[in-house]
Amino acid sequence: MLWFGFGYSGFGQLGPGEGFTLNLPEPVQLKGANVEKKRIVRAVPSWSYTAVVTDEGSLLLSGCVGGSPQQVICFPSLGCCDVLPSEKYLIILRKERAECWDVLHLDCKGTVPEPMWKMEFSDLYDTAFPLVAKGYVLSEPPFFRELPPTLQAQKMALGNEHAVLLTSDGKVLTWGSGRHGQLGHGDVEDVSEPRVVEALHGLTVREVASGGWHTVSISGNHLHL
């Protein structure tokens, strides 16, 4: 399995034994449970570890896992489709459900834990994770929140303290903490429910993304910050 990483790796989140910092992109070889030849489809970092998903549904965690740094733990053929990692919790999207693992209590042998939370899906939901049927998942309790079906959600991005939603007709809605202006409503007030970003009125947005305290969107060939 070949992937590239750069930046801080003091916990082994860019592969064990790679040093504290990689100043240039370098290939990282993760080995375990005969997954070396599998194709990586997702690599999602948390602060102290990285979650890697392969094309046949295996999950690898590299970094500080189970309270120990420099770990590489493999969960082969898990049926994993996507992940949403945080320092305390790891949300895993499987074919027919989403579930939450306690990162601090994972063992280093790759034993699949009993989920501390899970949600079964009755129907396949063709949208981008963390959107799921009837709402979205997040990497902190209560792990799931409903969305009004009238929103016609297509894509979602989560920041440290706010959420960004793209609808099927190209509208952008934001909510959560606004203290850094990340909601785009012209103030720094918090918003408890999804609210349309009026400054983007008349534009058909096709992509949204979120940093910790900022938001970006793309309409046509234009980037909006």
Side-chain angles (χ1 to χ4, degrees), residues 40-46 51 53 55 57 79-86 89-100 117-225:
I40 293 174
V41 294
R42 291 280 287 163
V44 188
S46 182
V53 181
D55 60 349
C80 181
C81 303
D82 211 333
V83 288
L84 183 63
S86 72
Y89 307 110
L90 176 63
I91 304 294
I92 298 171
L93 178 66
R94 302 175 79 168
K95 291 182 179 180
E96 297 180 351
R97 69 179 182 271
E99 60 188 48
C100 177
W117 170 88
K118 64 181 178 180
M119 179 180 181
E120 303 286 343
F121 302 138
S122 58
D123 300 307
L124 293 178
Y125 197 61
D126 188 21
T127 56
F129 195 62
L131 288 172
V132 295
K134 300 181 180 180
Y136 65 100
V137 297
L138 61 164
S139 57
E140 62 182 21
F143 303 119
F144 171 78
R145 289 180 180 163
E146 290 189 3
L147 288 172
T150 54
L151 287 182
Q152 297 181 326
Q154 178 176 308
K155 186 172 183 179
M156 187 173 190
L158 298 175
N160 287 345
E161 302 171 330
H162 75 294
V164 187
L165 182 73
L166 177 65
T167 67
S168 59
D169 59 353
K171 292 185 178 66
V172 177
L173 297 90
T174 60
W175 65 99
S177 172
R179 62 191 176 122
H180 298 282
Q182 63 265 52
L183 301 183
H185 299 309
D187 54 34
V188 292
E189 299 299 318
D190 295 351
V191 175
S192 60
E193 299 294 332
R195 180 187 296 178
V196 173
V197 179
E198 297 293 347
L200 297 175
H201 178 71
L203 298 174
T204 300
V205 175
R206 58 183 178 86
E207 189 69 52
V208 293
S210 175
W213 289 337
H214 67 283
T215 304
V216 297
S217 62
I218 299 175
S219 67
N221 295 322
H222 301 283
L223 174 67
H224 307 278
L225 303 174

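Basis for what follows: all heavy atoms, side chains included, without hydrogens, waters or symmetry-related copies. A quick note: this is a predicted structure, and the numbers were derived from the prediction, not measured.
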**Prompt:** Which atoms form the tightest heavy-atom contact between Pro194 and Leu147, and what is the distance?
**Reply:** CG-CD2, 4.3 Å
**Request:** Flag the pair Leu165 / Leu131 as yes when at least one side-chain heavy-atom distance between them is below 4.5 Å, and no otherwise.
**Result:** yes
**Ser86: side-chain hydrogen bond (donor to acceptor under 3.5 Å, both in side chains) partners, not counting sequence neighbours** = none
**Asked** Nearest 0.5 Å, what's the CG-OG distance between Leu200 and Ser217?
**Response** 5.0 Å
**Fill in**
Minimal heavy-atom distance between Val83 and Ala51, with the atoms involved, is CG2-CB, 3.8 Å
**Complete:** Those residues at least two apart in sequence (or on a different chain) that pass ring-ring contact (aromatic ring centres under 6.0 Å, His included) with Phe144 are none
**Request:** Not counting sequence neighbours, which residues clear side-chain contact (heavy atoms from CB on, under 4.5 Å) with Leu158? List them please.
**Result:** Leu84, Pro130, Tyr136, Leu138, Met156, Ala163
**Request:** Please examine the side chains of Val137 and Phe129, heavy atoms only from C-beta on, and report whether any two atoms are closer than 4.5 Å.
**Result:** yes
Could you tabulate the donor-acceptor pairs under 3.5 Å formed by side-chain atoms of residues 176-189, not counting sequence neighbours?
from	atom 1	to	atom 2	distance (Å)
Arg179	NE	Glu161	OE1	3.1
Arg179	NH2	Glu161	OE1	3.4
Arg179	NH2	Glu161	OE2	2.9
Gln182	OE1	His180	N	2.8
Gln182	NE2	Ser177	O	3.1
His185	NE2	Thr174	OG1	2.9
Asp187	OD1	Glu189	N	3.2

**Asked** What pairs with Thr167 under side-chain hydrogen bond (donor to acceptor under 3.5 Å, both in side chains), at least two apart in sequence or on another chain?
**Response** Asp169
**Item:** With Asp55 via side-chain hydrogen bond (donor to acceptor under 3.5 Å, both in side chains) - residues at least two apart
**Value:** none
**Asked** Can you name the residues that form a side-chain contact (heavy atoms from CB on, under 4.5 Å) with Pro45, not counting sequence neighbours?
**Response** Thr50
**Item:** Glu140: partners by salt bridge (charged side-chain N to carboxylate O under 4.0 Å, His left out), with sequence neighbours left out
**Value:** none
**Asked** Can you name the residues that form a side-chain hydrogen bond (donor to acceptor under 3.5 Å, both in side chains) with Glu198, not counting sequence neighbours?
**Response** none
**Message:** My understanding is that only residues two or more places apart in sequence, or in another chain, count here; which of them pass salt bridge (charged side-chain N to carboxylate O under 4.0 Å, His left out) with Arg195?
**Reply:** none
**Request:** Only counting residues at least two apart or in another chain, list the ones meeting side-chain contact (heavy atoms from CB on, under 4.5 Å) with Ser210.
**Result:** Ala157, His162, Val164
**Request:** Sequence neighbours left out, what passes side-chain contact (heavy atoms from CB on, under 4.5 Å) with Glu120? Give chain and number order.
**Result:** Arg97, Lys118
**Atom of Trp175, atom of Leu173 and distance for their closest heavy-atom approach** = CZ3-O, 4.1 Å
**Asked** Of all heavy-atom pairs between Ile91 and Ser139, which one has the smallest distance, and what is that distance?
**Response** CG1-CA, 4.0 Å
**Request:** Give the minimum heavy-atom separation between Pro141 and Tyr89, together with the two atoms involved.
**Result:** CD-CE1, 3.7 Å
**Prompt:** To the nearest 0.5 Å, how far apart are CD in Glu99 and CG in Leu90?
**Reply:** 9.0 Å
